[in-house]
Q: 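Have a look at this one.
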Amino acid sequence: MANLRAFAMPKWGIEMTEGVVAEWKVAQGQPFRKGDLLALIETAKITNEVEAEADGQFARLIAKEGETYEVGDLIAVLAAANDAPTDSEVDSFIASYKGGDARPSVKPQEAAPDAPPAPPAPVAASIPDGLNISPMARTFAQDHGVDVRQIEGTGPGGRITFQDVQQASLPPAPAPGGNPVDIRPVPEHPGDAFASPLARRLAAQHGLDLSGMSGTGPKGRICKADVLARVTPAPTASPAAESMPQSAPHRTEGVEIVRMSPMRKAIAQALSHSKSTIPHFYLRSKVRIDAILGLRAQAKAATGEAPSINDYIVRACALALKQHPQVNVQVHGDAIHQFTAADIAVAVATGKGLITPIVKGADQLSVAAISREVKRLADKARAGRLQPDEFQGGSFSVSNLGMYGIDQFDAIINPPQGAILAVGAGERTPVEIGNALAFATIVKLSLSCDHRAIDGAVGADFMRTLKGLIEEPALLTG
């Protein structure tokens, strides 16, 4: 009998509830080796590569490319490379799959003493032979005395990962009254059914009451399939419609309906929240960039390449933020976080949507270094290879649509940041210079500010400093 194992939708980060199988890199029945790339899985902002933790093959690919699956859902069945499982064996395995919790499961302590005792010195843990545990997890468990027999693995096939053991090694946080905290899953609100976020949304859309419904997910959680089973089936589709992949755009007479990707949904949620909850106000200014164009021409003649106009503007923003720290902020509830370093997010358009990788410590970088970093981050962004710490956070944003011929626009603040600068296209304009009429290249800037943290006068001072730095770029290269 074949030794079959589950390949479930993995979980990256505490906020992940679902993922999209972007591409299978190994065909069904094709043997692979440890370390081979098996699949690309999209989350809200990035595409993750899933590598094989051991030799094997896919006995069955269940998930369709482009489809969304909840964390813990079975998306494929694994088998040993030399196995030849029958269809009935695979079908039986799929039918018996109960799902796995996306988080490590640790039993709560039965009682807590009045005063917490000093933690005992770690004792080398005894790990049974043949236990499905990664080498890093095994080493960590032995060094910290973690009993891995009480851990439910979240890796492929139930393998215990380093994160599982690390989480299990943490002591339970005591409640205010001194009682131990029960970490078993509970509903979001008292009296609510224990259901996944996707199941709740579907239930709300179809007017279903989840109370009393039994779930088939991990620990009895109500999942998407449970809700859909209660929904009145739609009229039977034609064979042609059934053969169309669900991820493809749906066309009706004169209308094409395209489902949002995970990135597009994340963008929609973040910007809707920003525009509806943050009191935006806008400060607009015009700056001459002829001096920057001159520096670029000199650099191009000397080295064959030159930083972009946007690279100079990012550098100017970084120096202006150092002089005006009241603008270099994030807003968290009723607290304003003011930063010493200028971590500037630069908007990058990708085929799947907008993302803002961060140039960290831009105030400490030269224009050339900023140019190299922006190019590196933009390449990773378009390839979907950014790591979370490369696009989450930041203290200020720059969005430039000048290359598209847009002369001016107002950008939406990227929360929790306090401001974003919108940059338009350069335009030759007649201006007065030294009591004479001349032509200059003018760029229109618009600063969007969060009025909860930044007052008009503060923003205006920042814009005045920024204008001076851009029009005297020698200050940027000094």
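Bear in mind that the values here come from a model prediction, so they are computed numbers and not experimental data.
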Q: Side-chain donor-acceptor pair under 3.5 Å between S88 and D91, yes or no?
A: no
Q: Within the 4.5 Å heavy-atom criterion, are P415 and I278 side-chain neighbours or not?
A: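 The answer is yes; the side chains approach within 4.5 Å.
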Q: Check step by step if ring pair (Phe, Tyr, Trp, His ring centres under 6.0 Å) holds for F409 and Y282.
A: CA-CA 10 Å; F409 69 103; Y282 309 97; over 10 Å; no
Q: Considering only NZ, NE, NH1 and NH2 on the basic side and carboxylate oxygens on the acidic side, decide whether E42 and K352 come within less than 4.0 Å.
A: yes
Q: Any heavy-atom pair between the side chains of V21 and Y69 that's under 4.5 Å?
A: yes
Q: Run the salt-bridge test on E67 and R259 with the 4.0 Å N-O cut-off and return the result as yes or no.
A: yes
Q: State, with a plain yes or no, whether a side-chain heavy atom of F339 is found less than 4.5 Å away from one of P325.
A: no
Q: Is there side-chain contact between P279 and R452, with heavy atoms separated by less than 4.5 Å?
A: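 P279 vs R452: side chains touch.
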Q: Can you give me the closest heavy-atom contact between I358 and Q392, atom names plus distance?
A: CD1-O, 3.4 Å
Q: Roughly how far, to the nearest 0.5 Å, is the CZ atom of F462 from the CG atom of L447?
A: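 Here the interatomic distance stands at 6.0 Å.
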Q: Distance from L271 atom CG to I413 atom CD1, nearest 0.5 Å?
A: 11.0 Å
Q: Look at the side chain of W24 and the backbone N and O of L40, then say whether any donor-acceptor pair between them is shorter than 3.5 Å.
A: no
Q: For A79 and P85, work out which heavy atoms get closest and say how close.
A: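 What the structure gives for the nearest pair is CB-CG, 4.2 Å.
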Q: So, S446 side chain and A422 main chain: donor-acceptor pair closer than 3.5 Å or not?
A: no
Q: For the pair Q417 (side chain) and G393 (backbone), establish whether a donor and an acceptor sit closer than 3.5 Å, ignoring hydrogens and angles.
A: yes
Q: Decide yes or no on side chain to side chain contact (heavy atoms under 4.5 Å, CB included) for V258 and E256, but give the supporting numbers first.
A: CA-CA 6 Å; V258 181; E256 181 179 352; 3.8 Å; yes
Q: Looking at side-chain heavy atoms only, is the closest gap between V77 and I94 below 4.5 Å?
A: yes
Q: Quick check for you: to the nearest 0.5 Å, what is the distance between R382 atom CZ and I355 atom CD1?
A: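 Spacing of CZ (R382) from CD1 (I355) equals 11.5 Å.
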Q: If I compare all heavy atoms of L476 with all of A316, which pair ends up nearest, and what's the gap?
A: CD2-CA, 3.6 Å
Q: Do I75 and I41 make a side-chain contact, defined as non-hydrogen atoms from C-beta onward lying under 4.5 Å apart?
A: yes
Q: Going through the checks in order, is the salt bridge (charged side-chain N to carboxylate O under 4.0 Å, His left out) test met by K34 and D55?
A: CA-CA 5 Å; K34 179 180 179 180; D55 297 352; over 6 Å; no
Q: Give me the atom names and distance for the closest heavy-atom approach of D83 to N3.
A: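 Taking every non-hydrogen atom into account, OD2-N, 3.3 Å.
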Q: Could you grab the distance from atom CG of L38 to atom CD of E53, nearest 0.5 Å is fine?
A: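 So the gap between those two atoms works out to 9.5 Å.
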Q: Quick one: does K380's side chain have a donor or acceptor within less than 3.5 Å of a partner on P357's backbone?
A: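 Pair absent, no side-chain N/O of K380 close to backbone of P357.
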Q: For the residue pair T68 / E18, report whether a side-chain donor-acceptor contact shorter than 3.5 Å exists.
A: no
Q: Between L421 and L445, is a side chain to side chain contact (heavy atoms under 4.5 Å, CB included) present by the stated rule, with each step listed?
A: CA-CA 7 Å; L421 182 74; L445 306 178; 4.1 Å; yes
Q: Give me the atom names and distance for the closest heavy-atom approach of A81 to P31.
A: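 Minimum heavy-atom separation between A81 and P31: CB-CB, 4.5 Å.
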Q: Looking only at atom types and distance, does a side-chain atom of D363 sit under 3.5 Å from a main-chain N or O of K322, one as donor and one as acceptor?
A: no
Q: Should we say atom CD of Q269 is surrounded by more than 12 heavy atoms from elsewhere, each under 6.0 Å from it?
A: no
Q: Measure from the side-chain N and O atoms of D379 to the backbone N and O of R376, and report whether any donor-acceptor pair falls under 3.5 Å.
A: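 Such a contact is absent between D379 side chain and R376 backbone.
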Q: Does S371 use its side chain to pair, donor to acceptor, with the backbone of V367 at less than 3.5 Å?
A: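 Checked: no pair found.
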Q: So, the side chain of R60 versus the backbone of Q28: is there a donor-acceptor pair under 3.5 Å, distance only?
A: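 Side chain of R60 to backbone of Q28, a donor-acceptor pair under 3.5 Å: no, none is there.
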Q: Taking the side chain as everything from C-beta on, heavy atoms only, tell me whether V398 gets closer than 4.5 Å to I420.
A: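 The answer is no, as the side chains (C-beta and beyond) never meet within the 4.5 Å cut-off.
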Q: Does a side chain donor of either D410 or S448 reach within less than 3.5 Å of an acceptor in the other side chain?
A: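 Judged by distance alone, the side chains do not pair up.
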Q: If the plane angle is over 60° it's perpendicular, under 30° parallel, otherwise tilted; pick one for F58 and F32.
A: tilted
Q: Decide side chain to side chain contact (heavy atoms under 4.5 Å, CB included) for L4 and L78; before the verdict, give the C-alpha distance in whole Å, the side-chain angles of both, and the deciding distance to 0.1 Å.
A: CA-CA 6 Å; L4 302 178; L78 292 165; over 6 Å; no
Q: Evaluate E23 against K25 for salt bridge (charged side-chain N to carboxylate O under 4.0 Å, His left out), listing each step before the verdict.
A: CA-CA 6 Å; E23 182 181 356; K25 306 300 287 187; 3.2 Å; yes
Q: How many angstroms lie between atom CG of L466 and atom CG of L319, to the nearest 0.5 angstrom?
A: 10.0 Å
Q: Which heavy-atom pair separates L354 from A349 by the least distance, and what is that distance?
A: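 The answer is CD1-N, 4.2 Å.
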Q: When you measure from the side chain of E89 to the backbone of T86, do you find a donor-acceptor pair of N or O atoms at a distance under 3.5 Å?
A: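 Here the side-chain-to-backbone pair exists.
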Q: Verify whether one side chain among S395 and D343 offers a donor that lies under 3.5 Å from an acceptor in the other.
A: no
Q: Contact between D36 and E51 at the side-chain level, heavy atoms closer than 4.5 Å - yes or no?
A: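 No - every pair of side-chain heavy atoms lies 4.5 Å or more apart.
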Q: State whether the side chain of H332 and the backbone N or O of Q330 hold a donor-acceptor pair below 3.5 Å, judged by distance alone.
A: no
Q: After noting the C-alpha distance and the side-chain angles of T356 and V346, does the key distance pass the side chain to side chain contact (heavy atoms under 4.5 Å, CB included) rule?
A: CA-CA 5 Å; T356 53; V346 179; over 6 Å; no
Q: Atom OG of S274 and atom CG of N414: how far apart are they, to the nearest 0.5 Å?
A: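 Output value for this atom pair is 7.5 Å.
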